[in-house]
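For the single chain, residues carry numbers from 1 onward in sequence order. Just so you know, these numbers come straight off a predicted model, no measurement behind them.
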Amino acid sequence: QVQPVESGGGLVQAGGSLRLSCAASGSTFSHYFMGWFRQAPGKEREFVAGISSNTGRTYYADSVKGRFAISRDNAKNAVYLQMNTLKPEDTAVYFCAASLAPLSIVPQTTSGYDYWGQGTQVTVSS
């Protein structure tokens, strides 16, 4: 079992940057594909970025590609999301999630994840 806990959210002006952190307890963190999702009021939870458990290959939603960067440190049981050039439409609760999907699968939907954090609020003002 893995229990993700997010931190680093806050209020930032458009064009600014934030770095989110996710600390995941458990002894098998390195086995998981890790993902970041976000959910704005009245909208469904959407995939933002993911990183594989072995090679560290990364995946991004089109809306954040070129602005956000995901990384992980298996020795620290941690995953990060560097967010640059933030826009008001990035405002949402951001969730960290862990998936035990087979290595050949890239989970990009909520159903593909087994463990979820409680979320951290990111607000971007104009």
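Between the Asn74 side chain and the Ser30 main chain, no donor and acceptor come within less than 3.5 Å of each other. With Thr91 contributing its side chain and Val124 its backbone, the two residues share a donor-acceptor pair below 3.5 Å.
In terms of the salt bridge (charged side-chain N to carboxylate O under 4.0 Å, His left out) criterion, residue partners of Asp62 (sequence neighbours excluded) are, by chain and number, Lys65. The ring pair (Phe, Tyr, Trp, His ring centres under 6.0 Å) test applied to Tyr60 returns no partner, not counting sequence neighbours. With sequence neighbours left out, the salt bridge (charged side-chain N to carboxylate O under 4.0 Å, His left out) criterion links Arg67 to Asp90.
In terms of hydrophobic clustering, with Ile, Leu, Val, Met, Phe, Trp and Tyr side chains grouped at heavy-atom distances under 4.5 Å, Val12 and Tyr94 are assigned to a common cluster. Both Val106 and Phe47 are part of a single hydrophobic cluster, where members link through side-chain heavy atoms under 4.5 Å apart. In the hydrophobic cluster analysis, where Ile, Leu, Val, Met, Phe, Trp and Tyr join through side-chain heavy atoms closer than 4.5 angstrom, Phe68 is grouped together with Val122.
A cation-pi arrangement is present between Arg72 and Phe29, with the terminal nitrogen or guanidinium carbon under 6.0 Å from the aromatic centre and inside a 45° cone about the axis.
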Which donor-acceptor pairs under 3.5 Å do side chains of residues 110-119 form with protein atoms, sequence neighbours excluded?
unit_1 : atom_1 : unit_2 : atom_2 : d
Ser111 : OG     : Thr109 : OG1    : 3.2
Tyr113 : OH     : Pro107 : O      : 2.8
Asp114 : OD2    : Leu100 : N      : 2.8

Identify all side-chain donor-acceptor contacts of residues 79-87 below 3.5 Å with residues at least two apart in sequence or on another chain.
unit_1 : atom_1 : unit_2 : atom_2 : d
Gln82  : NE2    : Asn84  : OD1    : 3.0
Asn84  : OD1    : Ser17  : OG     : 2.9

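In this structure, Phe37 has its ring center no closer than 6.0 Å to that of Phe95.
Between Tyr59 atom OH and Ile70 atom CD1 the span is 11.0 Å, to the nearest 0.5 Å. In this structure, OG in Ser53 is found 11.0 Å from OH in Tyr32, a value given to the nearest 0.5 Å. A distance of 14.0 Å separates OG1 of Thr120 from CZ of Arg38, quoted to the nearest 0.5 Å. Atom OG in Ser52 sits 12.0 Å away from atom CE in Met34 (nearest 0.5 Å).
More than 12 heavy atoms of other shown residues, nucleotides or ligands fall within 6.0 angstrom of atom CD in Glu89.
Closest approach of Val2 and Ala24 over heavy atoms only: CG1-CB, 3.4 Å.
Residue pairs that meet the disulfide bond (SG atoms under 2.5 Å apart) test with at least one member in residues 10-100, sequence neighbours left out, are Cys22-Cys96.
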